[in-house]
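Written below as structure tokens is the structure these notes are about.
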Amino acid sequence: MTTGTSSFSEFLSSAAPELLPGRRPLPPGDYAEISSHATTIVAIRSAEGVVMAGDRRATMGNYISSRDIEKVFAADQYSLVGIAGTAGLGIELIKLYQVELEHYEKIEGAQLTLNGKANRLATMLRGNLGIALQGLAVVPLFAGFDTDADSVEEAGKIFSFDVVGGIYAERDFDSIGSGSIFAKSSLKKRYRRGMGSDDCVKIAVEALYDAADDDSATGGPDPTRDLYPVVMTATADGSRRIDESEVAEVARSVIAARTENPYG
């Protein structure tokens, strides 16, 4: 009945280590080709906080394994997390991370700082290094509203990671996944510091459109199936998912603009 550690993953490593993704033994080999992979995520710093968006496609080699997967989630009240890489493990890691943050708050009676949340996620990634080297790698993108910041303008923060748990603070925007090189190129042209959340939502959808245009593993807006990117924001009012009807309207405007100017 003792309270124990404030880290749920540390508790699980001693109580039931087999439940941790990185602690499951696998036979020697490369398993990259037998699992679905999640692809492109973008995160943008806005005047009110941050915006994060992800496409809806998952692939297995040259096969589209899912057209409507969701890769962007609220980590807690003021932060967002998206994943690229092995889809099943990534979603499991996010669920474990959500419990990690909630567990800490219940044990300590206070929330972690935004930097502390990013560090906890990095620690969890290091525990997955063994299976990452066997092709089951997961790379997250973390962003949130820092309630300890001196001003709202400085509150939006973005953190990227590598498979060994390295953590890197990004300045204005970042992208991960197979389409990230094209998404970043799009954001370089369209992003301006001080943009509001609405404008950031639009350029996030445009960046995913550009990524899908050149990367076969990234899914673009799909009006036929009524499938559009998952877009979320984290501001002083908390984290929230943008209503799909609003995202659909933005996506249709992007498609219409590109119809008139396919290369613009």
Side-chain angles (χ1 to χ4, degrees), residues 9 21-22 37-46 49-55 70-76 78-87 89-94 96-98 100-101 112-129 131-133 136-146 149 154-191 193 195 200-201 203-205 207-208 210-211 215 217-218 229-234 239:
S9 56
H37 281 70
T39 48
T40 312
I41 307 292
V42 299
I44 306 169
R45 182 180 176 185
S46 72
V50 291
V51 172
M52 185 178 288
D55 79 304
E70 296 187 3
K71 316 167 193 175
V72 176
F73 303 86
D76 68 356
Y78 293 104
S79 61
L80 310 171
V81 60
I83 54 103
T86 306
L89 284 177
I91 292 172
E92 186 178 9
L93 180 70
I94 286 177
L96 182 60
Y97 182 56
Q98 290 169 329
E100 175 85 3
L101 298 183
L112 277 165
T113 63
L114 195 66
N115 287 344
K117 295 172 189 178
N119 286 329
R120 283 293 174 103
L121 184 54
T123 300
M124 293 174 66
L125 279 177
R126 293 184 193 108
N128 289 337
L129 181 58
I131 58 176
L133 294 176
L136 299 179
V138 176
V139 179
L141 187 60
F142 178 75
F145 183 89
D146 187 354
E154 300 174 353
K157 295 182 180 179
I158 301 170
F159 299 89
S160 62
F161 305 82
D162 57 32
V163 293
V164 299
I167 178 172
Y168 312 97
E170 305 295 340
R171 296 190 66 180
D172 297 314
F173 57 81
D174 196 33
S175 179
I176 58 171
S178 61
S180 61
I181 185 172
F182 308 110
K184 285 182 182 179
S185 296
S186 177
L187 292 173
K188 284 179 182 179
K189 300 296 184 183
R190 293 177 171 84
Y191 178 79
R193 287 183 178 175
M195 296 178 74
C200 287
V201 168
I203 67 170
V205 173
L208 291 176
D210 286 333
D215 174 44
T218 303
V230 174
V231 185
M232 300 192 70
T233 63
S239 55

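Positions are given from 1 along the sequence.
With rounding to the nearest 0.5 Å, the separation of CD in Glu170 from CD1 in Ile44 is 13.0 Å. How far CG of Leu101 is from CG of Leu96: 10.0 Å, rounded to the nearest 0.5 Å. Of the inter-residue distances, the one linking Ser175 atom OG with Leu208 atom CG reads 7.5 Å to the nearest 0.5 angstrom. Atom CE of Met195 sits about 11.0 Å away from atom CG of Asp172, to the nearest 0.5 Å. Note that the CD1 atom of Ile167 and the CZ atom of Arg120 stand 12.5 Å from one another [nearest 0.5 Å]. Here OH of Tyr97 is found 10.0 Å from CG of Leu125. Values are rounded to the nearest 0.5 Å.
Closest non-hydrogen pair, Gln98 versus Ala75, comes out as CG-O, 3.7 Å. Shown here for Gly177 and Ala84, the closest heavy-atom pair between the two residues is CA-CB, 3.8 Å.
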Would you give me the side-chain donor-acceptor pairs under 3.5 Å for residues 138-145, sequence neighbours excluded?
none

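Ser186 places no side-chain N or O within 3.5 Å of a backbone atom of Phe182 that could act as its donor or acceptor partner. Not a single donor-acceptor pair under 3.5 Å links the side chain of Thr86 to the backbone N or O of His37. Of the possible donor and acceptor atoms, one in the side chain of Thr39 sits under 3.5 Å from a partner among the backbone N and O of Ala217.
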Notebook entry, point to check: Are Phe73 and Val230 close enough, and set up right, to give a side chain to side chain contact (heavy atoms under 4.5 Å, CB included), and what steps lead you there?
Noted result: CA-CA 9 Å; Phe73 303 86; Val230 174; over 6 Å; no
Margin query: Checking Ile94 against Lys71 for the side chain to side chain contact (heavy atoms under 4.5 Å, CB included) test, could you report, in this order, the C-alpha distance in whole Å, the side-chain angles of both residues, the deciding distance, and whether it holds?
Written below: CA-CA 9 Å; Ile94 286 177; Lys71 316 167 193 175; over 6 Å; no
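In this structure the side chain of Phe161 never reaches within 4.5 angstrom of the side chain of Ile176, judged on heavy atoms. Side-chain atoms of Val42 and Val51, non-hydrogen and from C-beta on, never get closer than 4.5 Å to each other. A heavy-atom distance below 4.5 Å is found between the side chains of Asp174 and Lys184. Side-chain contact check for Ile83 versus Ile41: every heavy-atom pair is 4.5 Å or farther apart. Within the 4.5 Å cutoff, no side-chain heavy atoms of Glu100 are placed close to those of Leu121.
Partners of Tyr191 under the ring-ring contact (aromatic ring centres under 6.0 Å, His included) rule, at least two apart in sequence or in another chain, are Phe173. For Thr218, the side chain to side chain donor-acceptor pair (under 3.5 Å) criterion is met by Thr40, Asp215, not counting sequence neighbours.
A salt bridge links Arg190 with Asp210: at least one charged nitrogen is closer than 4.0 Å to a carboxylate oxygen.
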